[in-house]
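Since the model is a prediction, treat every value here as computed from it, not as a measurement.
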Amino acid sequence: GDDFSQAVEWLQTVIGPNYHPEIWDKYPVEVGEGTPDWSSRAAHLRTFGRLWTFCLPHLRTLSIAVGITMLASAIDLLPPYLTKIMVDDVLSDPNQFGWLVPVVLTLVLSRIVHTGVMIWSGRMMSTLGDRLAYDARSELLRVLQLLPLKYYDTQQSGGLMARIARDAKSIHYFWIDFAPQVVQQGLMVAGMSLVLFVMNWELALLVLLPIPVIVVASVKIEKYLAWYYGKSWDRWATFFEHITDSLAGIRVVKIFAQERRQTKRMDDENEKVFQAERNIHVRSRTVRPILAFVVSIGGLLVWWFGGQQVQEDTMSLGTLMAFFGYLAMFYSPVQYLTSMADWIPEMMTAITRTFEVIDSPEEEYEPGDAVALPDITGRVEFRNVMFGYLAHQPVLQDLDVTIEPGEMIGLVGHSGAGKSTFIKLLCRFYKVDEGAILIDGIDVRQMRLTELRRQIGYVEQDPFLFAGSVAENIAYGNPDSDRDRLIEAAINANAHEFILKLPDGYDTLVGERGGRLSGGEKQRVAIARAILHDPRILILDEPTSALDLETEKKIQEALGRLMEGRTTFAIAHRLSTLRDADRLLVLKQGRPVELGTHEELMLLQGEYYQLVQLHHNVSSLVGVVG
């Protein structure tokens, strides 16, 4: 009731964006642990159900593989019975010695057929497992592209890499090591149990005597190890995150000569992984010999009572030898099935976490009341907009402003005033809590997401370039553009001249994140990309900061061409770059406090005036220090 609602509200406040009730409710938590119980029966059943849906497209292959596995299990039952015939009928009677060769040849033939069947089954299951792992990775990669930005606000790229590289592979292991082996070993246990009871029901009962103990112990062990596997996964995810950070920030590490410190941090995380893995393996290796001993008790009892029956001539020696042949075959799959308690929790945890990402809600690309977006003019309206990343903590509020087509608006305010949030809402990276944002009179929530973002161009302070060629990066938003249009965009961005000087011109590879280009060159490539995209609404996020005067002049010229006829929103920390804006929107603590031209706002001597004075004083101080 009310107490629960208050508890949920408190969780949202304390945990913030890490609170996912749909996930926390889906997987129960052990009291006092704080880690989801990934081994719960319900969680496993859901995971098995999802694995089955993944397998449905390959049902024919799976059915054939299972049929072949059943055939292999049936063939496995033949050799001990042939041994009984050999001992009791062939070797004990000189008149039957002629059957020796046919029986041996039958044994050889059964082994050859069994080997061929196992190769056939193994190849089919391997291919199926690889295909399912491929499907899982493809689905993960597809979903990751479609998830909203708020999902990435709560995730580390290293953890996501772990799910793609490590966890999705568990689906392969499920269909290669788990499913076929469970089927085959389960059929072997069932078939041999039947044979043992037919041969000697008293000895069969002795064989089965330890089984209930083994089953109960296996269930307890699985529950016991599940928590440790969850902690191990967390350690691996954190380890991947630190590796990603370390490699991405290698230049910073080198600049500050922090190689030893960074190595020490990585060693500490590696030690945590070691401890987590050791906790699992030491415990599992302790339990496994105990279970093997319990299994052997049945065999010892069979030796005792079976030997007595042979001495008393109530059972033939061949039957006893066949019984022990089946017994060895019987305990092998039983031990295998019990050993699964070691790795079922790990496998199911990894697979469940894979499905956790796949099941995350995607962005709403096709609203139910979608309105076709015509060729827009670029009129933008914020109508009483309120938005907060956390409940009861608005970042923007009472935002009511109209921007006319082709107008340039400068967004001004202290850090944290809401400028970046303003842009994110316009791009519909997030949806407003109250009010509405309209483009040409159409609510952005009613627009198809691809149509909306096709009308928006974004040039950021540190543009991201993909590890491809210059041409591929310029044409990223318009991959079908011909080379002439691409070169024209580069010319308008003042990029054509430096591109021609590169080793392979437009086909030069820019390296990871564009690392082979200078900051100014990356900016001009990003501007060319925006020009080729030809948006009606343009967003500039401090695109000329930290550049030398000559490069800044070239970029300003390119931006001037890019802004012609487009509605432009510009964020700049250097207020001098916004003096040519048609109007300036001043934000303070998420509220619009002033709106007007530079001259109008200076006459008010309000918030904007104070920002200009502060900026002037800081610039003067920097000049004196310089």
Go through Gln455 and Ile439 one step at a time and tell me if the side chain to side chain contact (heavy atoms under 4.5 Å, CB included) criterion holds.
CA-CA 10 Å; Gln455 301 292 340; Ile439 297 178; over 6 Å; no

Please check if the side chain of [X] supplies one atom and the backbone of [Y] the other of a donor-acceptor pair under 3.5 Å.
X: Asp440; Y: Gly378; answer: yes
X: Glu594; Y: Tyr608; answer: yes
X: Arg428; Y: Val444; answer: yes
X: Asp582; Y: Met408; answer: yes
X: Asp443; Y: Ala436; answer: no
X: Thr597; Y: Arg583; answer: no

Side chains of [X] and [Y]: closer than 4.5 Å at any heavy-atom pair?
X: Arg453; Y: Phe429; value: yes
X: Asp504; Y: Ser469; value: no
X: Leu500; Y: Tyr506; value: yes
X: Ile571; Y: Phe422; value: no
X: Gln610; Y: Gln613; value: no
X: Arg379; Y: Thr567; value: no
X: Arg566; Y: Asp534; value: yes
X: Tyr458; Y: Asp541; value: yes

To the nearest 0.5 angstrom, please state how far the [atom1] atom of [X] sits from the [atom2] atom of [Y].
X: Ile409; Y: Thr568; atom1: CD1; atom2: OG1; result: 9.5 Å
X: Asn384; Y: Glu434; atom1: CG; atom2: CD; result: 9.0 Å
X: Ile456; Y: Glu451; atom1: CD1; atom2: CD; result: 12.5 Å
X: Ile474; Y: Ile527; atom1: CD1; atom2: CD1; result: 11.0 Å
X: Ile487; Y: Ile499; atom1: CD1; atom2: CD1; result: 9.0 Å
X: Ile437; Y: Ile442; atom1: CD1; atom2: CD1; result: 14.5 Å

Grab the two heavy atoms, one from [X] and one from [Y], that are nearest each other, plus how far apart they are.
X: Leu614; Y: His414; result: CD2-CE1, 4.2 Å
X: Ala493; Y: Ala528; result: CB-N, 3.5 Å
X: Leu585; Y: Pro592; result: CD1-CB, 4.0 Å
X: Lys522; Y: Leu517; result: CG-CB, 3.8 Å
X: Cys427; Y: Leu452; result: O-CD2, 4.0 Å
X: Leu538; Y: Met563; result: CD2-CG, 3.6 Å

Can a salt bridge be assigned to the pair [X] and [Y] using a cut-off of 4.0 Å between side-chain N and carboxylate O?
X: Glu521; Y: Arg524; value: no
X: Glu139; Y: Arg142; value: yes
X: Asp507; Y: Arg483; value: yes
X: Lys272; Y: Asp268; value: no

Quick check on [X]: does its [atom1] atom have over 12 non-hydrogen neighbours (other residues, nucleotides or ligands) under 6.0 Å away?
X: Glu404; atom1: CD; answer: yes
X: Glu488; atom1: CD; answer: no
X: Gln145; atom1: CD; answer: no
X: Arg445; atom1: CZ; answer: yes
X: Tyr430; atom1: OH; answer: yes
X: Lys431; atom1: NZ; answer: yes
X: Glu271; atom1: CD; answer: yes
X: Lys588; atom1: NZ; answer: no

Which is it for Arg516 and Leu502 under the side chain to side chain contact (heavy atoms under 4.5 Å, CB included) test, yes or no, and what are the steps along the way?
CA-CA 10 Å; Arg516 296 177 185 173; Leu502 295 175; over 6 Å; no

Could you tell me whether the side chains of Thr421 and Tyr389 share a donor-acceptor contact shorter than 3.5 Å?
yes

Carefully, step by step, assess Phe382 and Leu426 under the rule side chain to side chain contact (heavy atoms under 4.5 Å, CB included).
CA-CA 9 Å; Phe382 280 70; Leu426 177 61; 4.3 Å; yes

With sequence neighbours left out, what residues match Asn478 under side chain to side chain contact (heavy atoms under 4.5 Å, CB included)?
Ser481, Leu532, His533

Partners meeting salt bridge (Lys or Arg N to Asp or Glu O under 4.0 Å) with Arg260 (sequence neighbours left out):
none

Side chain to side chain contact (heavy atoms under 4.5 Å, CB included) between Val510 and Val525, intermediate numbers included
CA-CA 10 Å; Val510 301; Val525 170; over 6 Å; no

